[in-house]
Protein chains: 2
Amino acid sequence: MSANRLSSAKRIPARAKLIDAAHLLVRRQGYCATSVDEICAAAGVTKGAFFHHFASKEALGAAAAEQWTARAEELIFTLPPWVRIEDPLERLLAHIDFRLFMIDGAPEDFTCFVGTMVQESFASSEVLRSASDASISAYCERLAVDIEAAIALYGIRDGVSAISLAYHVQAVLQGAFIIAKARNALKEARESVLHLKRYIKMLFNRVDTQ
Amino acid sequence: MSANRLSSAKRIPARAKLIDAAHLLVRRQGYCATSVDEICAAAGVTKGAFFHHFASKEALGAAAAEQWTARAEELIFTLPPWVRIEDPLERLLAHIDFRLFMIDGAPEDFTCFVGTMVQESFASSEVLRSASDASISAYCERLAVDIEAAIALYGIRDGVSAISLAYHVQAVLQGAFIIAKARNALKEARESVLHLKRYIKMLFNRVDTQ
DNA sequence: AAAAACATACCAACCAGTCGGTATGAGTCA
DNA sequence: TGACTCATACCGACTGGTTGGTATGTTTTT
């Protein structure tokens, strides 16, 4: 029994702590500006532990992107009560309301890890670009299932496709994050998401019902 | 008379070459990943010249943001023929078409310098954050003038404000850039701008006229 | 002549990544 | 039960190269 070690049952593995620290720091500072030493310090582990679990900083980025997908699936598509709303259009609008509600506090707490990382890596690291793409596309494809159900039930204007609208939702959110960061305010970012909600209601001819 | 120097009339000053190189490299790699040495090499000047014109890398970033605003004003709001379309709504829709048309080739050629830079600097450099904000907001305020004219002439649904819609346009574009970078394809990014165009037409009750 | 516009050489700090070593717990067998 | 082996997890000093920035000298323009 060692005093400075927690029991194996209660100890959070270094790997998970490193990924959590990466999520936090990269969202605040960007991928390149965040050093391995900084991530280790934030995670409370040493550099030796870092390179025991990850072959490189790039490998951590890819693993953190994968974890980000799982986190989004849980926090957005599984845990919230509104995911059990039966009507698919009401569920879709609740989804947008939820994303609007998430835009609160500091940008590093509501912005997207992979959206930030891909900006710096799309041309220089195919590993990070495709890992980010996988995360964003997984979100969109999951969202498209709900949109498709709403289309099947209510129809949609102009033959808009579910997956195309899902990517548009993602684009508005990513864009709103940039506006929030630049403005150092949330007003314009939130209003942009409200524009998105109005657009979706119009597509489904639901403009009258607030 | 020196052979390896151009005459003063034809020589592009080092300052302008450094800003151009920064625009190119930062859009491709990000702000942090682009080193001062790299910018100097791309501009064809030495490090001494760099620090003669700019007090720091941060100062170059701020100057490049200011230049980006002037560049956008010229390339988007002055030079194109469609800016002289009289009807403000037609002009607005032509603006969206133009932005859609710009999404072509490599992301580093159509994406936004300040949008990329602000992601990495919003929390760590107030200088770069406010410089980026100034550039984005200048674009939005300029665009809002045209939107306001369209509203005055045709009215708009739900009392949508011109400046709010302008920021939404900007958000969709910034988001589309991220999608394009992540996907390594232009389809989803372009479709997102088409969703934006459809939304604007709906707001102005112009859904029937293609 | 004087100032502005460069160029060259250099520096301390920091970077990602390496490496030899230790701590710990599970499995094995007498 | 207890000595032995082995794999995994983790440690921290170290390295070669790169970073933003500086000090000083030279050329060009006014």
Side-chain angles (χ1 to χ4, degrees), chain A residues 1-22 25-26 28-64 117 120-121 124-128 131, chain B residues 1-22 25-26 28-64 117 120-121 124-128 131:
Chain A
M1 273 290 177
S2 156
N4 57 350
R5 291 246 180 187
L6 294 160
S7 72
S8 65
K10 289 198 173 184
R11 201 179 64 213
I12 300 160
R15 193 189 139 92
K17 286 196 287 185
L18 285 165
I19 287 178
D20 281 353
L25 291 172
V26 170
R28 182 186 301 158
Q29 309 171 345
Y31 173 78
C32 175
T34 302
S35 72
V36 170
D37 282 305
E38 234 174 328
I39 295 171
C40 292
V45 304
T46 62
K47 220 165 180 181
F50 183 102
F51 285 100
H52 171 74
H53 289 286
F54 304 103
S56 63
K57 187 186 177 185
E58 190 184 42
L60 165 74
M117 190 169 68
E120 300 172 66
S121 59
S124 51
S125 167
E126 179 60 19
V127 169
L128 294 182
Chain B
M1 273 289 175
S2 157
N4 56 351
R5 290 249 181 187
L6 294 159
S7 72
S8 66
K10 289 198 173 183
R11 202 181 64 214
I12 300 159
R15 192 190 140 91
K17 286 196 287 186
L18 284 165
I19 288 177
D20 281 353
L25 292 172
V26 170
R28 183 186 302 158
Q29 309 171 348
Y31 172 77
C32 175
T34 302
S35 71
V36 171
D37 283 306
E38 232 175 330
I39 295 172
C40 291
V45 303
T46 61
K47 223 166 176 179
F50 183 102
F51 285 100
H52 171 73
H53 288 286
F54 304 103
S56 63
K57 186 187 178 185
E58 191 183 41
L60 165 74
M117 190 169 67
E120 300 173 66
S121 60
S124 50
S125 166
E126 179 59 20
V127 169
L128 294 182

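So you know, we letter chains A, B, ... as the sequences are listed, proteins then strands, and number each from 1. What you see is a predicted model, and the numbers here were worked out from it, not measured in a lab.
By the side chain to side chain contact (heavy atoms under 4.5 Å, CB included) test, B:E58 pairs with B:Y31, B:S56, B:S125, B:V127, B:L128, sequence neighbours left out. Scored by the side chain to side chain contact (heavy atoms under 4.5 Å, CB included) test, A:A43 finds A:K17, A:L18, A:A21, A:V45 as partners (sequence neighbours excluded). Partners of B:R15 according to the side-chain hydrogen bond (donor to acceptor under 3.5 Å, both in side chains) rule, which considers only residues two or more places apart in sequence or in another chain, do not exist here. Partners of B:A41 under the side chain to side chain contact (heavy atoms under 4.5 Å, CB included) rule, at least two apart in sequence or in another chain, do not exist in this structure.
Across the protein-nucleic acid pair, B:K17 atom NZ and C:dA5 atom C1' stand 12 Å apart, rounded to whole Å.
Among residues at least two apart or in separate chains, salt bridge (charged side-chain N to carboxylate O under 4.0 Å, His left out) pairs with a member in residues 30-52 of chain A are A:D37-A:K47.
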Practice item. Spell out protein contact along nucleotides 14-21 of chain C as letters: B when the base is contacted, S when just the sugar-phosphate is, - when no protein heavy atom is under 4.0 Å; keep the 5' to 3' order. Key: -SBBB---
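Remark: A:H52 is in phosphate contact with D:dA9, judged by side-chain N or O atoms under 4.0 Å from OP1 or OP2.
Checked against C:dA5, C:dT8, D:dA9, the side chain of B:T46 finds its nearest nucleotide in C:dT8.
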